[in-house]
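For reference, the structure discussed in these notes is given below.
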Amino acid sequence: MLFSQHRFFYFKTEVYFMRQRIKELQGLKSEAQVCICGFIKTVRNKGKNLKFMIIDDGSSQIQATCLRNLLGEKIDALDKISVNSVLKISGTLNRTDLSKSGTEVLVTDLEVLSSAHTGLPIDISEELESSLEKRLNWRHLDLRNPKKKLIFRIFSDFLKLSREYFYARHLTEISSSKLMAAASESGAQVFQVNYFERKAFLAQSPQFYKQMAIAGGFEGVFEIGPVFRAEPSFTSRHTTEFTSLDVEIAYVETVEEVMCFEEQWLAFTFSGLKELYSKQLEELYGIQINIPELPFPRISMTQAQGIVKSYGIECLENSDLSSDGEKALGRYVKEVFNSDFVFLTDFPWSVRPFYHMRSENKQITKSFDLIYCGTEITTGAQREHRYDILCSQASEKLPDLKGIEDYLNFFKYGCPPHGGFGLSPARVITCMLGLDNIREATLLPRDPKRLTP
RNA sequence: GGGGAUGUGGUGCAGUUGGUUAGCAUGCCGGUCUGUCACACCGGUGGCCGCGAGUUCGAGUCUCGUCGUCCCCGCCA
């Protein structure tokens, strides 16, 4: 009785419209009465009395077969209907070999919910692909391509699985402010905004605030939110705003614990995503997700420099790897360990921020990067939680400590040892799907030249 | 910030050593078809070859400038 009309679903006293998801029609019997909504992907007109349409509601696609016998004069409305218009269709589910998919809806009633103009500014078919620039200018149209939509489904489930994993390990999700009185880390490359009579800065990272939460006594925290970098970077893996996933865990006494946490979390999300999306990824991208084997290889900066040099790539001592160096290291671990991931460890103090904890050897920090398929996706570290040492480290790196007084105060009255990392989900997805630009995995990319749509 | 590419109908591309009317695919418009499924078939529309200057009898093609876009490096996630 509840579903007899397939129209309304009564829940307590509220009434919800009961559209059926096309994806879920697969589970219904032939002859079932159905009501679906969606975009018209194609119309195949076979004359005045028979027309076929492909309807896409975002969950899946199905053929809607329109026969004059069943639809009457309403079929004439389809003579002028344009592709991309939105329809509501009632009909009968029909399992038949006449349709390649084996399923169709025989339409008995239809309503045009939205009529689309013709002549789209970009091509959203699977056959032709418009340039990235044009597709981003018309992002809402671009997303109608199931292949593009899939990227953001995976993005969404990556975050969902991550939350699931973090909550199960007693991390608390926080939302820190993105407006700050002083720059959050280096002081450079931050966006300035007007804040009443003052200047404010957009956060480049929730770093300081997640450490504040640790000082506040949480066992661990994480945040998934936007960060802003005023870097004039013109590459396929940088944007000026991106969603950052940041984790900070208390009572961590070695940087190794942080790396273990991260690799186990990633293995969890990767196998979750494989379970959810392997079929669609195979169909639309012709790829499989590689579930990483644990532990990821760990390679110190010193070792890495030797490896990179053996690939004929220059690198200076006490400096970071160049992006060519990262790519070479990625190739190396693939060849030697058959791993897509590698932790690059023991970064020199000279290239790390003041709050990373130093090793016994003061030139080395207890920090790491995570490289995935030759691209840096994470920076992490054990943090310096001892107030006096932190202050002295800050003095070494910064001209004065005035700007970070609030931050230093976090550690003044006791703070557990802790560590954490930040990661770019968009970079993970870009590499996972083999996309050639991070903008593909960014819903509305912002870069030095793009501020719209 | 430094370097390198690129710009041709709505979209994606081709265009020879400079040569006359700039092609192809797709889209779009009109028509035919009761089982299509990348529907098919018939007909049609659509381009100041980014912009400006120069070389030349002649420029989509060569040169310079300019604007847009993309990529690489640096910075990072």
Side-chain angles (χ1 to χ4, degrees), chain A residues 41-54 61-71 75 79-80 82-84 94 96-104 106 117-138 141-142 185-186 188-189 204-207 226-246 313-314 319-327 351-353 369-372 375-380 421-431 436-439 441-442 447-450:
Chain A
K41 300 291 285 185
T42 59
V43 181
R44 292 191 284 269
N45 194 340
K46 300 305 295 178
K48 290 201 168 9
N49 302 315
L50 174 66
K51 297 162 205 301
F52 300 97
M53 294 184 289
I54 300 297
Q61 304 184 351
I62 195 165
Q63 174 170 290
T65 302
C66 303
L67 285 153
R68 188 173 291 275
N69 305 352
L70 295 172
L71 194 49
I75 197 171
D79 281 336
K80 276 180 261 168
S82 50
V83 170
N84 287 299
N94 187 30
T96 170
D97 290 341
L98 291 172
S99 168
K100 260 188 185 173
S101 70
T103 312
E104 65 181 358
L106 293 168
H117 289 217
T118 59
L120 262 59
I122 58 168
D123 199 307
I124 58 170
S125 72
E126 271 105 277
E127 281 71 49
L128 272 187
E129 180 162 287
S130 297
S131 69
L132 180 61
E133 188 207 357
K134 283 170 184 148
R135 287 189 290 115
L136 291 178
N137 287 340
W138 296 94
L141 301 178
D142 183 43
E185 281 191 44
S186 60
Q189 299 116 22
Q204 338 164 263
S205 153
Q207 181 60 37
V227 294
F228 305 89
R229 308 267 166 106
E231 288 282 354
S233 295
F234 300 96
T235 79
S236 58
R237 57 186 188 285
H238 288 88
T239 50
T240 50
E241 176 187 2
F242 66 96
T243 300
S244 177
L245 188 157
D246 279 84
I313 291 157
E314 262 186 65
S319 76
D320 203 346
L321 251 41
S322 66
S323 85
D324 276 348
E326 281 172 4
K327 277 173 210 147
V351 299
R352 289 306 216 193
D369 278 2
L370 179 58
I371 315 281
Y372 174 38
T375 301
E376 183 181 336
I377 58 167
T378 280
T379 294
F421 57 86
L423 170 139
S424 162
R427 280 203 179 167
V428 173
I429 305 291
T430 302
C431 296
D436 54 21
N437 196 309
I438 196 161
R439 278 152 251 239
T442 307
D447 62 41
K449 292 187 181 167
R450 179 179 288 277

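These numbers were taken from a predicted model, which means no experiment stands behind them. A, B, ... follow the sequence lines: proteins, then strands. Residue 1 opens every chain.
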Contact class for [X] (heavy atom, under 4.0 Å): base, sugar-phosphate, or nothing?
| X | result |
| --- | --- |
| A:R68 | nothing |
| A:T235 | base |
| A:S99 | base |
| A:E133 | sugar-phosphate |
| A:I438 | base |
| A:D369 | nothing |
| A:P121 | sugar-phosphate |
| A:N45 | base |
| A:T375 | nothing |
| A:K80 | nothing |

Of the listed nucleotides [options], the one nearest the side chain of [X]:
| X | options | answer |
| --- | --- | --- |
| A:L106 | B:rG74, B:rC75, B:rG35 | B:rG35 |
| A:T118 | B:rU32, B:rA77, B:rC29 | B:rC29 |
| A:N49 | B:rA77, B:rU69, B:rU34 | B:rU34 |
| A:K100 | B:rC76, B:rA77, B:rA38 | B:rA38 |
| A:S236 | B:rG74, B:rC71, B:rA77 | B:rC71 |
| A:E127 | B:rU11, B:rA38, B:rC76 | B:rA38 |
| A:F242 | B:rC76, B:rU69, B:rA77 | B:rA77 |
| A:N437 | B:rC70, B:rA77, B:rC72 | B:rC70 |
| A:L67 | B:rU34, B:rG12, B:rA38 | B:rU34 |
| A:K46 | B:rU34, B:rC76, B:rU26 | B:rU34 |

Taking [atom1] from [X] and [atom2] from [N], how many angstroms apart are they, rounded to a whole number?
| X | N | atom1 | atom2 | value |
| --- | --- | --- | --- | --- |
| A:K449 | B:rC67 | NZ | P | 11 Å |
| A:L321 | B:rC75 | CG | P | 11 Å |
| A:L50 | B:rC33 | CG | P | 12 Å |
| A:D447 | B:rU69 | CG | P | 9 Å |
| A:I371 | B:rA77 | CD1 | P | 11 Å |
| A:R135 | B:rC70 | CZ | C1' | 13 Å |
| A:D97 | B:rG35 | CG | C1' | 12 Å |
| A:R450 | B:rG68 | CZ | P | 14 Å |

Span that lies between the [atom1] atom of [M] and that of [N], in whole angstrom:
| N | M | atom1 | result |
| --- | --- | --- | --- |
| B:rG58 | B:rC72 | P | 42 Å |
| B:rU61 | B:rG52 | P | 13 Å |
| B:rU63 | B:rG7 | P | 13 Å |
| B:rG27 | B:rA38 | C1' | 14 Å |
| B:rA14 | B:rG54 | C1' | 28 Å |
| B:rG50 | B:rG12 | P | 14 Å |
| B:rC24 | B:rG44 | P | 13 Å |
| B:rG60 | B:rG9 | C1' | 14 Å |

Flag, side chain of [X] to backbone of [Y], donor-acceptor distance under 3.5 Å:
| X | Y | answer |
| --- | --- | --- |
| A:S130 | A:D123 | yes |
| A:S233 | A:T235 | no |
| A:R229 | A:Q204 | yes |
| A:R135 | A:I122 | no |
| A:R427 | A:I438 | no |

Would one find a side-chain N or O of [X] under 4.0 angstrom from OP1 or OP2 of [N]?
| X | N | value |
| --- | --- | --- |
| A:S131 | B:rG12 | yes |
| A:S322 | B:rC73 | no |
| A:R237 | B:rC73 | yes |
| A:K41 | B:rA38 | no |
| A:S323 | B:rC73 | yes |
| A:K134 | B:rG68 | no |
| A:S244 | B:rA77 | no |

Notebook entry, point to check: A:R439 pairs by side-chain hydrogen bond (donor to acceptor under 3.5 Å, both in side chains) with which of A:D447, A:T239, A:T430?
Noted result: A:D447
Does [X] get its side chain close enough to the base of [N], under 3.5 Å, for a donor-acceptor pair?
| X | N | answer |
| --- | --- | --- |
| A:S233 | B:rC75 | yes |
| A:R427 | B:rC76 | yes |
| A:E104 | B:rG35 | yes |
| A:E129 | B:rU11 | no |

Notebook entry, point to check: Can A:S322 and A:I313 be said to form a side chain to side chain contact (heavy atoms under 4.5 Å, CB included), step by step?
Noted result: CA-CA 9 Å; A:S322 66; A:I313 291 157; 4.1 Å; yes
Check: Is there a side chain to side chain contact (heavy atoms under 4.5 Å, CB included) between A:F228 and A:T240 once you walk through the steps?
Finding: CA-CA 6 Å; A:F228 305 89; A:T240 50; over 6 Å; no
Item checked: Nucleotide forming a Watson-Crick or wobble pair with B:rG1, both distances under 3.5 Å -> B:rC73
Note to self: Let me spell it out: for each of A:L128 and A:G422, pick the nucleotide of RNA chain B with the closest heavy atom. Which residue's pick is nearer the 5' end?
What the structure shows: A:L128
Item checked: Pi stacking test for A:F52 and B:rG35: under 5.5 Å apart, planes under 30° -> no
Note to self: side-chain hydrogen bond (donor to acceptor under 3.5 Å, both in side chains), that's the test. Do A:S244 and A:D246 meet it? Break it down for me.
What the structure shows: CA-CA 6 Å; A:S244 177; A:D246 279 84; 2.5 Å; yes
